[in-house]
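Written below as structure tokens is the structure these notes are about.
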Amino acid sequence: MDEKTRERTRELPIVEVSQEDYKAMQNQIATATQNLSIAQAIAVKEKAKSEELSNLVNRMQADFDNYRKRMNESNKKLKEDGICAVLEKIIPELDVLKQAIQTITDEKVAEGVKMIYRRMVDVLTSFGVEEIPALGQQFDPNLHNAVMQTKTTDPSKVNMIVEVYNKGYKLGDRILRHSIVRVAN
């Protein structure tokens, strides 16, 4: 002990305690120590339970985030599918308008139908629909649907598209309608 501690202990009054009181104090200390041990064990259990619940909450949050992402992707896909379904119904109507323009003899009526045709093409373009290049292109079964073949003597024209019956359209990488073509062979 250092000097200051010795001085303080000299200053403390000495209290005499009976043996009976001393045993009672020892019992109280033993009981307090036992209660402290029990409280520490309960605290350890509660901390473990708290960590388990915290982990559960974290897992549930991660599961919910994954669910939300899946739903967003699913909704995006459903929206794209719906847009494509509508566009696939509009595209054949363009063919009908094109045929109408070619057969209408009244110039004013033909001009009105041309205006409707251009507006429908503008609507398709506003959605990002693009025409699939076909005439003079190499035949690609992923983009084109060959319904006829024509013999050619020019070897550079083999497998080339020589006539387009119906234009093909795509939205991004998704084919809305294949080009219907005649191919040289």
Side-chain angles (χ1 to χ4, degrees), residues 46-185:
E46 292 301 317
K47 183 177 181 186
K49 192 185 284 186
S50 171
E51 287 174 357
E52 183 181 327
L53 290 174
S54 178
N55 289 339
L56 178 64
V57 167
N58 289 338
R59 283 193 309 272
M60 289 178 72
Q61 182 66 43
D63 288 347
F64 180 74
D65 287 344
N66 291 336
Y67 169 77
R68 186 177 40 80
K69 288 175 187 175
R70 280 192 314 272
M71 290 309 298
N72 286 342
E73 286 297 317
S74 177
N75 287 340
K76 182 179 175 185
K77 174 100 172 77
L78 287 172
K79 181 180 176 183
E80 288 174 2
D81 289 348
I83 289 171
C84 287
V86 170
L87 295 175
E88 288 169 354
K89 297 286 185 192
I90 291 175
I91 289 170
E93 303 309 316
L94 285 177
D95 298 335
V96 171
L97 288 173
K98 191 84 163 176
Q99 289 172 351
I101 291 168
Q102 293 170 351
T103 58
I104 294 174
T105 55
D106 185 347
E107 192 58 37
K108 287 186 180 184
V109 174
E111 242 349 274
V113 175
K114 285 179 187 177
M115 183 180 73
I116 293 169
Y117 177 83
R118 285 191 301 271
R119 293 197 56 182
M120 286 183 71
V121 168
D122 289 344
V123 167
L124 292 175
T125 303
S126 72
F127 279 98
V129 175
E130 300 173 10
E131 188 177 313
I132 297 173
L135 190 60
Q137 300 289 316
Q138 192 71 23
F139 175 74
D140 181 352
N142 297 316
L143 303 173
H144 310 114
N145 183 9
V147 293
M148 292 186 74
Q149 294 183 347
T150 302
K151 295 280 184 198
T152 183
T153 56
D154 186 355
S156 66
K157 300 234 181 216
V158 171
N159 221 20
M160 296 289 277
I161 297 171
V162 293
E163 188 175 356
V164 177
Y165 297 113
N166 283 351
K167 293 179 182 179
Y169 296 92
K170 65 181 182 171
L171 179 62
D173 292 336
R174 190 169 180 166
I175 304 298
L176 298 173
R177 181 174 82 180
H178 291 78
S179 300
I180 298 174
V181 297
R182 182 190 321 185
V183 179
N185 68 352

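Here the NZ-NZ distance, from Lys167 to Lys98, works out to 4.5 Å after rounding to the nearest 0.5 Å. Distance check: Glu131 CD to Thr125 OG1 gives 9.5 Å after rounding to the nearest 0.5 Å. The CD1 atom of Ile132 lies 9.0 Å from the CG atom of Asp140; values are rounded to the nearest 0.5 Å. Atoms CG and CD, from Leu176 and Glu130 in turn, are 10.5 Å apart once rounded to the nearest 0.5 Å. To the nearest 0.5 angstrom, Asp173 atom CG is 11.5 Å from Asn142 atom CG. One distance of note links CG of Leu56 with NZ of Lys49; it measures 13.5 Å at 0.5 Å rounding.
In this structure, the side chains of Leu78 and Ser74 come closer than 4.5 Å at one or more pairs of heavy atoms. Contact check for Met120 versus Leu124: no side-chain heavy atoms found under the 4.5 Å cut-off. Annotation: side chain of Lys151 is in contact with side chain of Asn185 (closest heavy-atom distance under 4.5 Å). Side-chain contact between Arg177 and Leu94: absent, with no pair of heavy atoms (C-beta onward) separated by less than 4.5 Å.
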Requested in this report: Would you please test Gln138 and Met160 for side chain to side chain contact (heavy atoms under 4.5 Å, CB included) and show each step?
Outcome: CA-CA 5 Å; Gln138 192 71 23; Met160 296 289 277; 3.2 Å; yes
Query raised in the report: Between Tyr169 and Leu87, is a side chain to side chain contact (heavy atoms under 4.5 Å, CB included) present by the stated rule, with each step listed?
Result: CA-CA 10 Å; Tyr169 296 92; Leu87 295 175; over 6 Å; no
Report task. Check the pair Asn72 / Lys76 against side chain to side chain contact (heavy atoms under 4.5 Å, CB included), numbers first and verdict last. Result -> CA-CA 6 Å; Asn72 286 342; Lys76 182 179 175 185; over 6 Å; no
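Side-chain polar atoms of Gln61 and Asp65 form a donor-acceptor pair below 3.5 angstrom. Using modelled atom types, one finds no donor on one side chain facing an acceptor on the other under 3.5 Å when comparing Thr152 with Asp154.
In terms of heavy-atom proximity, Val162 sits nearest to Leu135 at O-CD1, 3.4 Å. A pairwise comparison of heavy atoms in Ile104 and Ala110 identifies CG2-N, 3.7 Å as the closest pair. Nearest approach of Ala134 to Val164, heavy atoms of both residues: CB-CG2, 3.6 Å. The nearest pair of heavy atoms linking Val129 to Leu171 is N-CD1, 3.9 Å.
Within a 6.0 Å sphere centred on CZ of Arg119, other residues, nucleotides and ligands contribute 12 heavy atoms or fewer. Within a 6.0 Å sphere centred on CZ of Phe127, other residues, nucleotides and ligands contribute 12 heavy atoms or fewer.
Counting only residues at least two apart or in different chains, salt bridge (charged side-chain N to carboxylate O under 4.0 Å, His left out) contacts with residues 83-92 are absent.
By the side chain to side chain contact (heavy atoms under 4.5 Å, CB included) test, His178 pairs with Asn145, Ile175, sequence neighbours left out.
Here Asp81 pairs with Lys77 in a salt bridge; the nearest charged N to carboxylate O distance falls below 4.0 Å.
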